[in-house]
2 protein chains.
Amino acid sequence: MNNKEKLRKAGLRPTKQRMIIADILLGGINRHFTAENLQNEINSSGKSMSIATIYNCLKKFRNCGLIKQVESSKDTAIFDTNINQHHHFLNEDTGELIDIENDAVNLRKLPEIPQGYLNNGVEVLIKIKKQI
Amino acid sequence: MNNKEKLRKAGLRPTKQRMIIADILLGGINRHFTAENLQNEINSSGKSMSIATIYNCLKKFRNCGLIKQVESSKDTAIFDTNINQHHHFLNEDTGELIDIENDAVNLRKLPEIPQGYLNNGVEVLIKIKKQI
DNA sequence: CAAGTAGTTTAGAACGATTTTAAAGTAAAA
DNA sequence: TTTTACTTTAAAATCGTTCTAAACTACTTG
C-alpha cells in the first residue's frame, strides 16, 4: 500500500504536506524524532513547512495510529514523593497517575543492558482509559 | 528523623523555604505533584514562594533522592514510527531512546486494571547510564 | 560574637516547545 | 462548477521552565 492509500485509509486527506511527512516517516525503517528533527530534515531536502503544520500533522498521524508518541511525555514535570522503585497506571483521559506497588509487577525477563552502561531503574507504565 | 535532619543528611541547608516544602512533602504520605500544585498549596496556607525557588528546591530534592521525578518527562515530545508494542532504554546521560523488542521483556505478573478501565498499552522504560 | 564567604532566594526577563489565531489556500462533495 | 469543509501558514500567544543579577541568609572562621 502506498502512502497516499495509507493516509486515505486512516481517514486523512493526502495533502502535499502530509505526503512529504509520510514519505519521510512511513518507509518502514523505524526511528525516534521530534517535530524539530523533522523540520530540519524537510528543510535540508530543499522543501519547507511551517512548524505549526508539522505539529498538526504529527498529532493527526498519532491519533490515527500511523505513529506513536513515546511515553506520556507531557510538558509538565511530575514529581513523586514515593522514592521506592514502583510503577504507575496513567489515566490517559485525565493524565492522572496512580501508584502500583513494585511487587504487583513481576518482570521475568529483561534485555541485556548495553555494554558499558548500568541499569538505573525500570519503570513500567500501564496506560488505561475509561471503558465506553 | 525530623525534616531539618533529613535536609542536613542530604547535604542541603535547611533554609526557611526548603523547610516549608519539606513539611508539605516529607510527611510520609506519598503523592504526585507539579511545581505549580506546590505553589498553590503554599499560597493557600498564607505563605508565598517564588516559582524559581520551588523549581530550584525540587531539583535539589530530586538530586538528593528525597523525591523522584516521574518518567523521563522531558519537555519535548518524542515520536516513534514503531507502532507495535515495544519498550525502551533511556540513556539518561543523553536523552537518547533505544528500542527494545517486545519479546525481550516478559511481564509475568501485572496488577488488576481499575474497575471500568481498559488496558491501553504497557510501556517498560529501562533507564541506563554510563558506567564510571 | 563579628566578619567573611559561599550558598540561596527573588522578581523579572528570557527561553524553547507547543498551540492559537485568523486569513488565505486546497481537496472533495454536491 | 460552486460550495463546503478541511488545511496550511506566519505570527502572536501561551505555558512550563531556566537564567540573571542583585539582595539576602546560613554557616564558618577568627
Side-chain angles (χ1 to χ4, degrees), chain A residues 2-24 32-43 47-64 66-80 95 97, chain B residues 2-24 32-43 47-64 66-80 95 97:
Chain A
N2 64 30
N3 289 335
K4 198 167 212 164
E5 289 173 310
K6 280 184 195 160
L7 292 180
R8 281 243 152 74
K9 199 175 149 212
L12 297 176
R13 286 188 186 174
T15 64
K16 191 171 126 246
Q17 290 81 354
R18 285 176 187 162
M19 286 301 295
I20 290 172
I21 292 183
D23 288 344
I24 292 174
H32 303 115
F33 61 96
T34 65
E36 204 199 349
N37 293 156
L38 197 51
Q39 192 176 41
N40 292 338
E41 206 159 331
I42 291 167
N43 288 340
K47 295 168 187 142
S48 83
M49 200 177 300
S50 157
I51 191 69
T53 302
I54 293 175
Y55 276 107
N56 285 343
C57 212
L58 291 177
K59 231 191 271 186
K60 292 273 186 189
F61 279 29
R62 191 230 300 136
N63 293 343
C64 295
L66 291 171
I67 60 174
K68 280 181 121 183
Q69 183 168 357
V70 173
E71 298 154 57
S72 66
S73 62
K74 297 274 165 51
D75 57 3
T76 307
I78 300 171
F79 296 91
D80 192 340
L97 286 170
Chain B
N2 65 31
N3 288 334
K4 197 168 215 163
E5 289 173 311
K6 279 184 197 159
L7 293 180
R8 281 243 152 75
K9 197 174 149 215
L12 297 176
R13 286 190 185 173
T15 64
K16 190 170 126 246
Q17 289 81 354
R18 285 176 186 163
M19 285 302 294
I20 291 172
I21 293 183
D23 288 344
I24 292 173
H32 304 115
F33 61 96
T34 65
E36 203 199 351
N37 295 154
L38 197 52
Q39 191 175 43
N40 291 338
E41 205 159 331
I42 291 166
N43 288 341
K47 294 165 187 144
S48 84
M49 199 177 301
S50 159
I51 191 69
T53 302
I54 293 174
Y55 277 107
N56 286 344
C57 212
L58 291 177
K59 230 190 272 186
K60 291 273 186 188
F61 279 29
R62 191 233 295 139
N63 292 344
C64 295
L66 290 170
I67 61 175
K68 280 180 118 182
Q69 183 168 356
V70 173
E71 298 153 57
S72 69
S73 60
K74 297 272 165 53
D75 57 2
T76 307
I78 301 171
F79 296 90
D80 192 340
L97 286 169

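What separates CD of B/E36 from P of D/dT14 is a distance of 15 Å, to the nearest Å. The separation between B/Q39 atom CD and C/dT9 atom C1' is 13 Å, rounded to whole Å. With rounding to whole Å, B/L38 atom CG is found 15 Å from D/dT17 atom C1'. D/dT7 atom P lies 15 Å from atom CE of A/M19, rounded to whole Å.
A close approach under 4.0 Å does occur between a side-chain nitrogen or oxygen of B/Q17 and OP1 or OP2 of C/dT10.
The stretch residues 48-61 of chain B touches DNA chain D through B/A52, B/Y55, B/K59, each having a heavy atom within less than 4.0 Å of the strand.
You'll find the side chain of A/Q39 reaches within 4.5 Å of the side chain of A/N43, heavy atoms only. Contact annotation: the side chain of B/K9 never approaches that of B/K6 to less than 4.5 Å [non-hydrogen atoms, C-beta and beyond]. Side-chain atoms of B/L7 and B/T15, non-hydrogen and from C-beta on, never get closer than 4.5 Å to each other. Contact of the B/L58 side chain with the B/F33 side chain is registered, since non-hydrogen atoms from C-beta on lie closer than 4.5 Å. Using a 4.5 Å heavy-atom threshold, the side chains of A/E5 and A/N2 count as touching.
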Checklist entry - Which letters describe nucleotides 22-30 of chain C, given B = protein heavy atom under 4.0 Å from base, S = only from sugar-phosphate, - = neither? => result -----BS--
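A/Y55 contributes atom OH, which lies 7.5 Å from atom CD of A/E36 (distance to the nearest 0.5 angstrom). Considering CD1 of B/I20 and NZ of B/K47, their distance stands at 5.0 Å, rounded to 0.5 Å. Within the model, atoms CG of B/L38 and CD of B/E41 stand 6.5 Å from one another, a figure rounded to the nearest 0.5 Å. The OG atom of A/S48 sits 9.0 Å away from the CD atom of A/Q17 when rounded to the nearest 0.5 Å.
Between the side chains of A/N56 and A/T53, no donor-acceptor pair is found at a separation under 3.5 Å.
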Checklist entry - side chain to side chain contact (heavy atoms under 4.5 Å, CB included) between A/D80 and A/L97: does it pass, once the steps are laid out? => result CA-CA 10 Å; A/D80 192 340; A/L97 286 170; over 6 Å; no
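At its two ends the helix from C/dC1-D/dG30 to C/dA30-D/dT1 runs along axes set 30° apart, each axis drawn from five pairs and the angle rounded to 10°.
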